[in-house]
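Written out below as structure tokens is the structure these notes cover.
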Amino acid sequence: MSTHALGRQTVARQILAEISGRAADTIITSTRLSDLGLDSLGRLTLAVLLEERTGRPLPDDELISVRTLDDLERLLRPTERSA
Amino acid sequence: MNQFVTDVVVAGSGLLGLATAFELLSRDLDVTVIGPRTGDHAGQASRAAGAMLTVFSEVEADHDPQRVSLEVGERLAARTGYEAWLDRVGTASKQAVRLVPGVWVIGNGYGPDDTVNLRAIAKAAETHGCRAEFAAPTDVPGLAPQVRAHEALWLPDEASLDPVLLVEALATVLSANPRCRWLNTTVSTVNERGEHLAVDAADGSTVLAAHLVLAAGAGTTGLLAPALAEQVDAPPLRSGRGVSLLARVPFSLPAAVRTPNRGFACGSHMVPRGDGTIYLGATNRLSTESDYGQPAALDEIATLVHDASAELNTTIRGAGLVEVRVGHRPVTLDHLPLFGRTGHPMVHLATGTYRCGVLLAPHAAGIVADGITAPSSTSAHPYSPRRAMHLPALDDLISGGTRGLVDMLCQPGGSLPPGTREMLERFLEAALHEIAAGTSTRAVAMRRLWQRAPMVECLPLLLDAVGRIR
């Protein structure tokens, strides 16, 4: 895994921590977004912040299948490889 | 793998789905219902509903007159046939569902627009030849609030019922009918297969059907495979998440009592359920995705209890809690329901009823069944899923909605120093306009939210979204 990829995973975890108010190191890959109390507005906020910090567009239809941090990081990976 | 063949699959086991199945069976069709028969029915709007048959009391003074005329006309058509429909359900199920006549609407100082809204409600009733009788608040049985009501309106042609009993009665009828199969599961996906629709269920069964009625609330259109969804071309659906509760109270309540609509929600209301139990409702928060699994938050319950004890009856604070419910009311971007045939001739919708699903269920069932048995009869209906929707611009909604935002922020009992209410309204309006026109992360979030839900109920979320980005 590249440093770049690792960096993006950290960004996803950091943003989830910001939105949920939880410490980043307590959020593991299997943590569900719903367990962090993210409602539909929280998921939208997550998408906007991820787009801003990674530069990768995250349309609604891609984000709708994301349930866990792991799902989110998987979603970010293909773009990193093709970048 | 189980495979069945049927005339019509009804996806969804809320009142709209069950009423449609009941109607289709009466038209000599084989029906398969796919939806939870047992379990907690998390998020189902029908079981969390107050179930007031509100023909007029949902009217707001600033609603577009054409919309009021259309909606009241359709609700009145539903209300006119309701007793006869309940009798049919009662006879077939041998379970009588009692209709409690009348609804009281009260106005007080917490709703700055209550007076004008009560008059708009009365006018809508009188325009349609129905009674609307102003009375003293002391005449309203069960009303003993902290804040004194200044007027009351009795609507004898509205009514209320227990939606759980109605769901159970319909379920009894359908389960006993040999032409109805009920799969106690959910639809996982739908594809076209030859001349049929192949409806795959989560339990592994597949049902081949000539027609499909989607009555699964805000999650309805997500059930279709992408190629089919493109042909169906259903308008977007969102949901109004509502928390309600049942409580055992030490006072008698012979008829429902409600406030007019307030701050993007339906105000406070208490509805008799029999045996000293009342229903208290309800919150309304727009969800742009279906998050049915989210339980009620303590804040939502606290809001209900606070508002009801302040505006309806102070003894509610000491009432015994029986149950808390969460329901997602399906709503379209133009707030009108979706009944009938879609862009695909075999796929039909029965959803989008927002706060009037219990009232509209039998009316919807008739329209949807007509779309199957007499295809050309309903294509021009104003609730057709193929109608054009005229959606407002963000700036127009901000300009018209900040008064409601201040209502929502204050809640019943919250008060601002004289003159500051207007100041706060103007500030919020200016701030939201400025942010929306900008390039900041908050502006991006705001515009994205707006694209997803261009409707007035989005305004509280805009405020929330701006606040969440620090």
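To find a chain, count down the sequence lines: A is the first, B the second, and so on, and within it residues start at 1. Just so it is clear, the structure is predicted and the values come from calculations on it, not from any experiment.
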- Check ion pair B:R452-A:D61 (N to O, under 4.0 angstrom): no
- Could you state the interatomic distance from CG (A:L38) to CD (B:Q294), rounded to the nearest 0.5 Å? 8.5 Å
- So, the part of A:I19 with a heavy atom under 4.5 Å from chain B: the answer is neither
- Query: Do any N or O atoms from the side chain of A:E51 and from the backbone of B:V444 form a donor-acceptor pair under 3.5 angstrom?
  - Reply: no
- Note on the structure: Note: A:P59 and B:R448 closest approach over all heavy atoms is C-NH2, 3.6 Å
- Please round to the nearest 0.5 Å and tell me the distance separating atom CD1 of B:I469 and atom CD of A:E18. 10.0 Å
- Are there more than 12 heavy atoms of other residues, nucleotides or ligands under 6.0 Å from atom CG of B:L298? no
- Message: Using heavy-atom distances under 4.5 Å, tell me whether B:R241 contacts chain A through its side chain, its backbone, both, or neither.
- Response: neither
- Would you check if A:L41 and B:T288 make a side-chain contact, meaning some heavy-atom pair closer than 4.5 Å? no
- Message: Tell me the closest heavy-atom pair linking A:S40 and B:S287, and the distance in Å.
- Response: OG-CA, 3.6 Å
- Item | Validation row: A:D39, B:R285 side chains within 4.5 angstrom (heavy atoms) | yes
- Message: Once rounded to the nearest 0.5 Å, what's the spacing between atom CG of A:L44 and atom CE of B:M446?
- Response: 12.0 Å
- Item | A:E52 atom CD, over 12 foreign heavy atoms within 6.0 Å | yes
